[in-house]
Undergrad: 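Starting off with a structure, shown below.
For the numbers below, each heavy atom of this structure counts, side chains included, while hydrogens, waters and symmetry mates do not. Keep in mind that what you see is a predicted model, and the values were worked out from it rather than measured. Counting starts at 1 for both ligands and their atoms, following the listed order. Position 1 is the first residue of the sequence, and the numbers go up from there.
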Amino acid sequence: MAVRCYDGRMNSETKQMKIGVLGSGSGSNMQAILDAVKAGTLDARVVCVIADVPDAGILERGRRHGVPSFYVDPAPYKTKLDGDAEARYIAVLREQGVDTVVLAGFMRIVKRGLLQAFGGRVLNIHPALLPSFPGLKAWEQALAYGVTVTGCTVHFVDEGTDTGPIIVQRAVPVQPGDTAATLHARIQTAEHEAYPEALRLLASGRLKISGRAVTQQF
Ligand code: GRF
């Protein structure tokens with residue numbers, strides 16, 4: 001891995017974390033983060049949201065909550081954020097004062113330029129217990145495999161796909177009769193606790209990465 005992940009430095013200053021969210025979908029994870037901020041359980045500010053889909057629900061949600069919300073053209077790529085498109089995203093995130101990038105249902109692979117621009121402070125949520133079921137529709141993969149427990153994972157993003165050091169995981173049982181929809185809904189409920197929890201840990205400034213392991217320093 002050529003890009004180092006977050007090294008804990010920013011939080012040695014007592015700066016409030018400024019989150020920029022990237023998403024492609026409905027934005028329920030961003031909502032959970034906004035709710036945690038509003039409830040005073042997460043010391044951070046969501047300073048902008050960017051979507052790669054012009055009518056993504058996450059943009060409407062952001063606007064309803066007074067968060068500067070932008071569609072930024074990801075062309076010409078279909079599955080990654082690279083080249084000029086990556087530069088456009090970095091420019092908006094910087095203009096908005098972002099120090100921490102939160103991928104919340106962003107359906108693209110982010111590349112080295114974005115990771116370097118934010119010093120490894122880029123997080124993602126994945127709807128399975130990594131390293132099981134990386135990639136798309138992880139809840140369908142879990143059902144097809146026949147596991148009885150799956151879950152969600154919040155991790156630092158590195159240059160792989162769903163491979164970065166793990167911050168928080170929550171287990172979710174697979175129930176008899178589950179469909180893709182019921183299982184995904186149960187995983188999402190767990191996600192809505194896990195993402196604010198991971199961000200609280202990051203905001204505490206005590207996270208340290210040793211190899212693949214993320215630990216808390218006291
Ligand atoms: C979540 O299930 C997340 O794990 C996956 O995409 C979904 C996004 O949902 N990466 P939302 O847009 O936050 O509602």
Side-chain angles (χ1 to χ4, degrees), residues 19-38 42 44 46 48-65 67 69-72 74 78-81 89 100-111 114-115 122-145 147 149-158 160-175 178-199 202:
I19 295 171
V21 178
L22 303 190
S24 310
S26 85
S28 68
N29 277 287
M30 180 183 73
Q31 183 72 56
I33 293 164
L34 288 168
D35 291 348
V37 169
K38 192 165 176 204
L42 173 61
V46 178
C48 71
V49 52
I50 306 178
D52 60 340
V53 177
D55 59 353
I58 196 168
L59 291 176
E60 182 48 38
R61 224 187 260 269
R63 289 180 191 121
R64 274 206 308 275
H65 289 271
V67 178
S69 302
F70 309 93
Y71 162 70
V72 178
K78 299 261 181 268
T79 57
K80 63 179 179 176
L81 187 66
Y89 276 67
T100 303
V101 179
V102 163
L103 307 183
F106 189 58
M107 301 304 288
R108 287 172 186 273
I109 307 294
V110 298
K111 308 299 275 186
L114 184 101
L115 300 179
V122 182
L123 275 64
N124 181 45
I125 189 155
H126 182 74
L129 294 175
L130 291 170
S132 293
F133 312 127
L136 294 175
K137 298 201 172 166
W139 59 94
E140 288 186 5
Q141 296 184 50
L143 270 184
Y145 198 91
V147 294
V149 178
T150 183
C152 64
T153 303
V154 183
H155 62 94
F156 286 108
V157 177
D158 65 11
T161 303
D162 301 328
T163 51
I166 290 169
I167 307 170
V168 168
Q169 292 189 298
R170 290 284 167 102
V172 172
V174 180
Q175 308 282 16
D178 257 340
T179 62
T182 58
L183 181 57
H184 189 209
R186 196 174 312 111
I187 292 170
Q188 284 219 294
T189 302
E191 289 182 338
H192 300 161
E193 292 178 4
Y195 226 154
E197 174 61 17
L199 289 166
L202 183 62

Undergrad: Does any N or O in the side chain of His126 come within less than 3.5 Å of the main-chain N or O of Phe133, such that one atom is a donor and the other an acceptor?
TA: yes
Undergrad: One line per pair, note the atom names and distance for all nitrogen or oxygen contacts under 3.5 Å between ligand 1 and the protein.
TA:
{"residue": "ligand 1", "atom": "2 (O)", "partner": "His184", "partner atom": "NE2", "Å": "3.0"}
{"residue": "ligand 1", "atom": "2 (O)", "partner": "Gln188", "partner atom": "NE2", "Å": "3.2"}
{"residue": "ligand 1", "atom": "2 (O)", "partner": "Glu191", "partner atom": "OE1", "Å": "3.1"}
{"residue": "ligand 1", "atom": "2 (O)", "partner": "Glu191", "partner atom": "OE2", "Å": "3.1"}
{"residue": "ligand 1", "atom": "4 (O)", "partner": "Glu191", "partner atom": "OE2", "Å": "2.3"}
{"residue": "ligand 1", "atom": "9 (O)", "partner": "Gln188", "partner atom": "NE2", "Å": "3.1"}
{"residue": "ligand 1", "atom": "10 (N)", "partner": "Ile125", "partner atom": "O", "Å": "3.4"}
{"residue": "ligand 1", "atom": "12 (O)", "partner": "Ser26", "partner atom": "N", "Å": "3.3"}
{"residue": "ligand 1", "atom": "12 (O)", "partner": "Gly27", "partner atom": "N", "Å": "2.8"}
{"residue": "ligand 1", "atom": "13 (O)", "partner": "Ser28", "partner atom": "N", "Å": "3.3"}
{"residue": "ligand 1", "atom": "13 (O)", "partner": "Asn29", "partner atom": "N", "Å": "2.9"}
{"residue": "ligand 1", "atom": "13 (O)", "partner": "Asn29", "partner atom": "ND2", "Å": "2.9"}
{"residue": "ligand 1", "atom": "14 (O)", "partner": "Ser26", "partner atom": "OG", "Å": "2.9"}
{"residue": "ligand 1", "atom": "14 (O)", "partner": "Ser28", "partner atom": "N", "Å": "2.9"}
{"residue": "ligand 1", "atom": "14 (O)", "partner": "Ser28", "partner atom": "OG", "Å": "2.5"}

Undergrad: With a 4.5 Å heavy-atom cut-off, do Leu143 and Val174 have their side chains touching?
TA: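 They are in side-chain contact.
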Undergrad: Please work out whether the ring planes of His184 and Trp139 are parallel, tilted or perpendicular, with thresholds of 30° and 60°.
TA: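 Geometry flag for Trp139 against His184: parallel rings.
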Undergrad: Excluding sequence neighbours, so at least two apart, what forms salt bridge (charged side-chain N to carboxylate O under 4.0 Å, His left out) with Arg170?
TA: Glu193
Undergrad: So, using salt bridge (charged side-chain N to carboxylate O under 4.0 Å, His left out) as the criterion, who are the partners of Lys137 when residues are at least two apart?
TA: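 None.
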Undergrad: Please tabulate, one pair per line, all N/O donor-acceptor pairs under 3.5 Å involving side-chain atoms of residues 30-38, not counting sequence neighbours.
TA:
{"residue": "Gln31", "atom": "OE1", "partner": "Arg61", "partner atom": "NH1", "Å": "3.1"}
{"residue": "Gln31", "atom": "OE1", "partner": "His65", "partner atom": "NE2", "Å": "3.3"}
{"residue": "Gln31", "atom": "NE2", "partner": "Asp35", "partner atom": "OD1", "Å": "3.0"}
{"residue": "Gln31", "atom": "NE2", "partner": "His65", "partner atom": "NE2", "Å": "3.2"}

